[in-house]
Amino acid sequence: MSTSINALFSATTASSTATATKWKPAGGAAEAEGTWKAASDAGSSAGSAALAALKGEDSVELSGLAKSLTGVAGKVFASIGSKGRAMLEDFVKSGKMTEKDVALGLRQMATNAVKNRFLNERVPDEEDQAWSEKSLAANKAQKTQMDRMGKAMAAMNEVRTAAYAAYDKDQDSEAFMKRMAPANERFIAETADINREMMETAGGNPGDVMLQTINYFLKKGESEFSKLDFGAEAEGGEGGLLASRNAKGEAAANLMSTLGFTAKYYKNGLAEYAAGVDIPGIGRGQVDKSHPNPADFEPSAKEEAEAAGLPPPPTTVLTTSQTPGLQGFAKVIQDARDSLDATYTAMAKEGKGVNYSDPTGKDVERLFGGFDRRSLHAIASNKDGTFSKNEQEAAQSVMARQQKQAMDAADPLGTDKAAAYRAGVKFLDEASQEEKESVNWSVQRAALQYSYEKTMKETGAPMERLGNGSALASVLKDALEAQDAKTADVMKSVGGKVMGGEGTGYVSDLKSLSLFRDFLPNLSVRGAGGPMSVTV
């Protein structure tokens, strides 16, 4: 059976609001603090949700600081232990720091930690390898010089010892100098030869070469880090990672340290945060447990939870899954509506209208750039008719862009489509429960999983078992397999002209797909508790 998959997935919603946004140090008045921009996680309080989860409660009364911290600052706050959190709250309560200053300090610490991970773990290129070889050669030359000098000194000492023994007998200073003269000349000549060989082998003074290498790697690493596109890592709009050398962030972090918030209180938690960041080209990492004095540092929130026999606090963006303490979806819808209306009002006061079709996407970014994924889904799905068609399509476009960014981060050179498809599946699997219940989620996940598995089969590489996602996604993937659909057609169909690019690829009604217009297949599929039926 060889039906065109374009017909199967023909019902996609086009939108001209999709724009390509990378996380680069941003400019402009709204980003004066040098943030990396991303269209999610800005409205979540990671600290609040994590503390609630830690206590095993559905909700918990928190301080103003915990409620105010969002994005990266909220994640770091949620990761550090209770003593560190209490200290930061005390800074605010006592007036020593503002909530904004604490957030800036935590963001600076997070940026430094992620950057250090990148510097230590990034894959070296040919230029890096050349510098490494120069440094190794310099180091080897220096060790050879020290070994030869040691032997020369030993030979010199033997002659000196014999000369002193003779002097003790004859007390003849002139004879002593004559005995030492050949050894001194030999030592001077050998030292010159040793140093000459060292300089030639090392290509200069070894210390200078090794210092130049260190400076090269620091400068190269800083440059490469500034180019990273964190994409769907969703560090949280204006609450995200800071640009390198951010003066305000460094000042805030230094003030926190001066007030007593030292590595003792945050090292373990910050290490867990940094290890959980999906760095493009590197991925997530592992926490280094090899510190010789672990007792010198307070336990992280995760370690405290483990010691208390409680589930670990969330370590990913808290608004992409159902989390204890997460506000109800009706509140999410209302907050999104209020936020849009407030922005419309502000733009009107500035004498600006809203241009949804502007190819630069400036208005869309201003309106939707601060929403977390759950809020974007609330707008895109529009279950209770709260949002306009333009608003729905804009939110759908931003969601598609996030998905594309996650895929691009896994395949930056465009040479490993399977990795991109797998990353797309993983990204969707982090979605909120409300989004997972949508038709669009199942269509997108089915297309991505089918494309991943088909690509892996074609290459013969080992395949990861990705699960079914949902009953409906499983049915749709089976339908694609039955037609032996072409991967390129599948991805083009569910994502507009290109996956996550032009067009949102958003499917709101399964019956709009030609597969279900032409006939209704048997949708009895396997569920967690046995056979289950999916109603279309």
Side-chain angles (χ1 to χ4, degrees), residues 11-19 21 37-45 70-71 232 234 236-239 317-322 326-348 353-358 361-406 427-428 430-445 494-496 500-509 512:
T12 58
T13 306
S15 171
S16 61
T17 58
T19 58
T21 301
K37 294 288 290 178
S40 58
D41 198 35
S44 69
S45 176
T70 61
E238 293 185 7
V317 181
L318 295 171
T319 51
T320 59
S321 62
Q322 291 291 75
L326 202 62
Q327 64 183 6
F329 200 54
K331 183 70 162 56
V332 173
I333 293 172
Q334 186 58 54
D335 287 349
R337 179 70 270 163
D338 292 345
S339 176
L340 287 173
D341 290 343
T343 306
Y344 288 139
T345 300
M347 293 174 73
V354 178
N355 184 359
Y356 277 100
S357 60
D358 181 358
K362 290 188 297 184
D363 290 349
V364 170
E365 178 65 18
R366 180 170 178 181
L367 284 161
F368 297 88
F371 285 125
D372 61 22
R373 181 81 181 186
R374 195 168 177 233
S375 298
L376 289 170
H377 170 67
I379 301 169
S381 58
N382 193 34
K383 287 191 174 182
D384 62 355
T386 299
F387 304 98
S388 70
K389 187 172 184 291
N390 280 336
E391 291 168 343
Q392 294 172 58
E393 291 183 354
Q396 292 163 7
S397 175
V398 174
M399 293 175 73
R401 183 177 73 204
Q402 292 175 350
Q403 186 172 321
K404 182 177 184 297
Q405 287 172 335
F427 173 76
L428 289 176
E430 290 295 315
S432 66
Q433 189 60 40
E434 296 91 359
E435 184 177 347
K436 287 181 178 179
E437 292 170 357
S438 69
V439 169
N440 179 70
W441 186 90
S442 289
V443 169
Q444 298 286 344
R445 195 189 187 286
V494 299
E502 296 181 47
T504 67
Y506 195 90
V507 180
S508 59
D509 184 1
S512 67

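For clarity, every value in this text was computed on a predicted model and none was experimentally measured.
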For the student: nearest non-hydrogen atoms of Leu376 and Phe368, plus distance: CD2-O, 4.2 Å

His377 NE2 to Ser438 OG distance, which is reported to the nearest 0.5 Å: 5.0 Å

Spatial distance of atom CG (Asp338) from atom CD1 (Ile333) [nearest 0.5 Å]: 12.0 Å

Nearest-0.5 Å distance, CD of residue Gln392 to OG of residue Ser388: 7.0 Å

From NZ (Lys389) to CD (Gln396), nearest 0.5 Å: 8.5 Å

Step-by-step side-chain contact (heavy atoms from CB on, under 4.5 Å) determination, Lys383 to Glu434: CA-CA 11 Å; Lys383 287 191 174 182; Glu434 296 91 359; 5.8 Å; no

Minimum side-chain heavy-atom gap Ile379-Phe371 below 4.5 Å: yes

Gap separating the CD atom of Gln403 from the CZ atom of Phe427, nearest 0.5 angstrom: 6.5 Å

Salt bridge Glu391-Arg337, side-chain N to carboxylate O under 4.0 Å: yes

All side-chain contact (heavy atoms from CB on, under 4.5 Å) counterparts of Asp363, not counting sequence neighbours: Met347, Val354, Asn355

Nearest heavy-atom neighbours spanning Ala380 and Ala395: N-CB, 3.9 Å

Side chain Ser397, main chain Glu393, donor-acceptor under 3.5 Å: no

Asn382 side chain vs Thr386 backbone, donor-acceptor pair below 3.5 Å: yes

Which atom of Leu340 lies closest to which atom of Leu367, heavy atoms considered: CD2-O, 3.8 Å

Arg374 side, atom CZ; Asp335 side, atom CG - distance, nearest 0.5 Å: 10.5 Å

Closest non-hydrogen atom pair between Ala378 and Phe387, with its separation: O-CE1, 3.7 Å

